[in-house]
Amino acid sequence: MNYTPASIEAKWQKTWSATKAYEPSDDFSKPKKYVLSMFPYPSGRIHMGHVRNYTIGDTFARYYRQQGFNVLHPIGWDSFGMPAENAAIKHGVHPKKWTYENIATMRGELAGLGLSFSEEREFATSNPEYTAFEQGFIIDMFNKGLLYRKQGFLNWCPHDLTVLANEQVVDGGCWRCGTPIVQKEMYQYYLKISDYSEELLESLKTLEGKWPKQVLTMQENWIGKSYGLEFPFKLDSESESKLGAVYQSFDVFTTRPDTIYGVSYAALAPEHEIVRHMLSFGLLDDATADAIKAMQRVSARDRATSPKEGVSLGINVLHPLTGAKVPVWVANFVLTDYGSGAVMAVPAHDDRDYEFATKYNLPIKAVIFPTEGELPSGCAYTEIGTLRESGEFSGLDNVTAKASIMDYFEANKLGKKAINFRLKDWGISRQRYWGAPIPLIHCDSCGIVPEDKAKLPVALPEDVVINGEGNPLEHHPTWKHCMCPKCGKPATRETDTMDTFIQSSWYFLRYTVKNDFKEAFDKEALNYWMNVDHYIGGIEHAILHLLYARFFTKMLRDLGYVNSDEPFEHLLTQGMVLKDGAKMSKSKGNTVDPGALVEKYGADTARLFILFAAPPTQELEWNDSAVEGAFRFLKRFADRSQYVNVTDSLPNIDHSSLSKEEKAARKKVYEALKRAQEVYGERHTFNTMIAGVMEAMNALNEQNNTDVWTEGYWILTSIMEPIIPHLCWELSTNLFNGKNFGVQTVREEVFEVEALSLGVSINGKNRATIEVGVNESQEAIIEIAKASVEKWIEGKEIVKSIVIPGKLVNLVIKG
RNA sequence: GCCAGUGUGGUGAAAUGGUAGACACGCCGGAUUCAAAAUCCGGUGGCGAAAGUCGUGGCGGUUCGAGUCCGCCCACUGGUACCA
């Protein structure tokens, strides 16, 4: 057969679509598999990362279909987001037009790869129906107290009058105009992910072995659970009156209560309540106040890289155990949103406190000493050791002391054991146009009121001015004006839109129904299809998207929508596609256009290369001539089908009557099948499976028995179909009337051999190879092995002989 | 700094404690061709004429046997970053 990918691929893609070959069945009595590759952002054109992502997913989907599963393999578009708005600012094109045109282009490009997606379930998250369902959930969350509004500090560009994401702050300035950004305190909506910290951490355990260890660890660290002691630092009477008797104390959290006798100062975040109080009541001299205000203006991100600095507040607290006066400072390294925004500082045993104390000449008092050797000088000692000068706890090792001191605090009501999470509530407000509006209304009489659910979606106005200055929804002449759903008086809509991570946090649930389904979910369908059996995507989503999607699933469960605890059963994180050792990117000019590749060689070549070049979780180095090699294999595969008989069934072959080459060919074919079963089922190293098929092809080519060729193609076109579907459908239809797609059975007879080839090694070093009969006794094998390595063992004593059946003989010699 | 991952031929990579380098790419040689492309056949870890010998980042260990398991170290890549 002459291999003409362009015509074969166009033909099959048309047929698959026309026959709805890849629409899942509504028969929920069948076993199912839900295979999902992370959906794309419609940026314009597909890139090689997409090709890899969707090829891997498609391979799973097609494999499971052959195994008789009802397969859900959907695609959609993560279509809200900043790039659409940036395009509007730059080129004056409406975000909606830009987005949907990109979707049309990319849909065509993906179709050209022969991906077996359900067409009836495709949607874009910017579709109004999707927004309506989502706003419904958000209202439920608001009513349940899972969504709340509070003031928070944000990056603000005073020139463009807009909030900027951290990624949009370049060298401390606005990415568009370069104006230095400031920290502005604004009202923001937050989702209470912190309510779920414990569960999000706990249920990571149920994913062990099914998600990459690396991802589990990253999420664990991100959630960041730590155990410690929380206690109040009481102000001394002088300080208390200085503050106008408004405050008696402030709380601090420490994971090192064992170092408490080494406390030499306390430090507050620049945003701490007490600091603000002192600022607003003029309790600080100008220089101190200015220094604090300067610290407040620095973004959290920049603070992380700035040198430590601070100022003394001129007030003192009392050490909870010794009663000594401890000075209170403001320090730029104390985070306002972790713990209570205040810390006890132990310079002798904490690197940060040490650096700060050294800079400002604060006392450094060591209370933990190494069990052996000297206390190091010039740095903090943070290792384990023995307590000294620590009152009744002196002499204890610090691990024991930690527990004892916490117990002491609790017994004497000085403080309590506490757990802190690093995970913070999720700020979802964006002062942007191209997103889903937050469906809340501000009423002077009723406060914040959710929109009437029957009126959803709160849709975006189309007539907007997008020039990058401020929030287009805020500036729209009429959009925000509405009536209060509760009291009917004039009110104002919330003009913030939601973070686009909200849309990607539940899209996989919506795929369980067809697009025309009028509610968000159909319980029966949802319970049947969930969970996603195989979720495939880039490692870059290891934290945010995967954490948010897990959180949303749990929230929707608690709101009664979903039964799952965890949405994704197995996770496969694909490696990046590199060229010349670097990630493909437009700015580096090292991209390869998938469209051009498909046009030159066809989709099957692209798919084959991308799965053959490396295992899916590893980085993949692009190689033009290896692509050429994949194409050559396909040509051979098509060409050698000429040796195959047209048939509807597997030929019967009398194995014992075959020649050595014929037997070898059958063996290779069935080895490839075994490998395929293993690879599709568990290992997912498609490269080794393809290598097995290539070996089988090489072996088939060493013989000319038509039945052996026919059997070989019957099996190989079946196991290769998930990878190179177009050519396999063509061959299978022409040769086997399509009858060979399905479960293949391994014929053990082909693995029976008369003679075995064993390696002979001496002290573990390979020296010779011998042929022995299958039924040869151990003793006989050892004798044959000895004979084969005579010159190595001459005059030596054989201490031990080990026979590993079918593999090797190891002789241990001495002398 | 912390966490994770990766180190094997000229290159991408195989090897599920048991004959290291399967399968490809590249290169070399040959056939075919007026010639080239395509195709087909053969060779290809280093050193050595050969017998051999050395080889999986380094050093140690466990084992009859280690690329694989354990310990320490080095290099590179990615993530995260003052989390008290």
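So that the names make sense, note that chain A is the first sequence line, chain B the second, and so on, each numbered from 1.
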- Query: For C40(B), does OP1 or OP2 lie under 4.0 Å from any side-chain N or O of R640(A)?
  - Reply: yes
- Please report, rounded to the nearest Å, how far the C1' atom of U6(B) is from the CD atom of E621(A). 15 Å
- Under 4.0 angstrom between K635(A) side-chain N/O and U39(B) OP1 or OP2: yes
- Query: For A14(B), does OP1 or OP2 lie under 4.0 Å from any side-chain N or O of N687(A)?
  - Reply: yes
- Message: Just to be sure I understand the rule, does A304(A) reach a base, reach only the sugar-phosphate, or reach nothing, if contact means heavy atoms closer than 4.0 Å?
- Response: base
- Can you find a side chain N or O atom of N701(A) that sits less than 4.0 Å from OP1 or OP2 on C41(B)? yes
- Query: Is a side-chain donor or acceptor of H319(A) paired with a backbone partner of V263(A) at a separation under 3.5 angstrom?
  - Reply: no
- Message: Syn if the chi torsion is within 90° of 0, anti otherwise; quick check, which is G9(B)?
- Response: syn
- Message: From C-beta outward on E619(A), which listed nucleotide comes closest to its side chain: G18(B), U19(B), U77(B)?
- Response: U77(B)
- Message: Tell me whether the NZ or CZ atom of K308(A) lies within the 45° cone about the ring axis of F333(A) and under 6.0 Å from its centre.
- Response: yes
- Task: Measure up the Y548(A) and W426(A) rings against each other and bin them: parallel (under 30°), tilted (30 to 60°), perpendicular (over 60°).
- Result: parallel
- Message: Please determine whether a side-chain nitrogen or oxygen atom of Q618(A) lies at a distance below 4.0 Å from atom OP1 or OP2 of A13(B).
- Response: yes
- Message: Can you see if the side chain of N810(A) gets near the phosphate of U63(B) - specifically, an N or O under 4.0 Å from OP1 or OP2?
- Response: no
- Message: Check whether R636(A) reaches the backbone of F631(A) with its side chain - one donor and one acceptor, N or O, closer than 3.5 Å.
- Response: no
- Does G26(B) have OP1 or OP2 sitting under 4.0 Å from an N or O in the side chain of R632(A)? yes
- Query: Looking at T305(A), does any N or O in its side chain come under 4.0 Å of the phosphate oxygens OP1/OP2 on C82(B)?
  - Reply: no
- Return the nucleotide paired to C34(B): Watson-Crick means purine N1 to pyrimidine N3 with N6-O4 or O6-N4, wobble means G-U with N1-O2 and O6-N3, both under 3.5 Å. none
- Send over the distance from F637(A) CZ to C40(B) C1', rounded to a whole Å. 19 Å
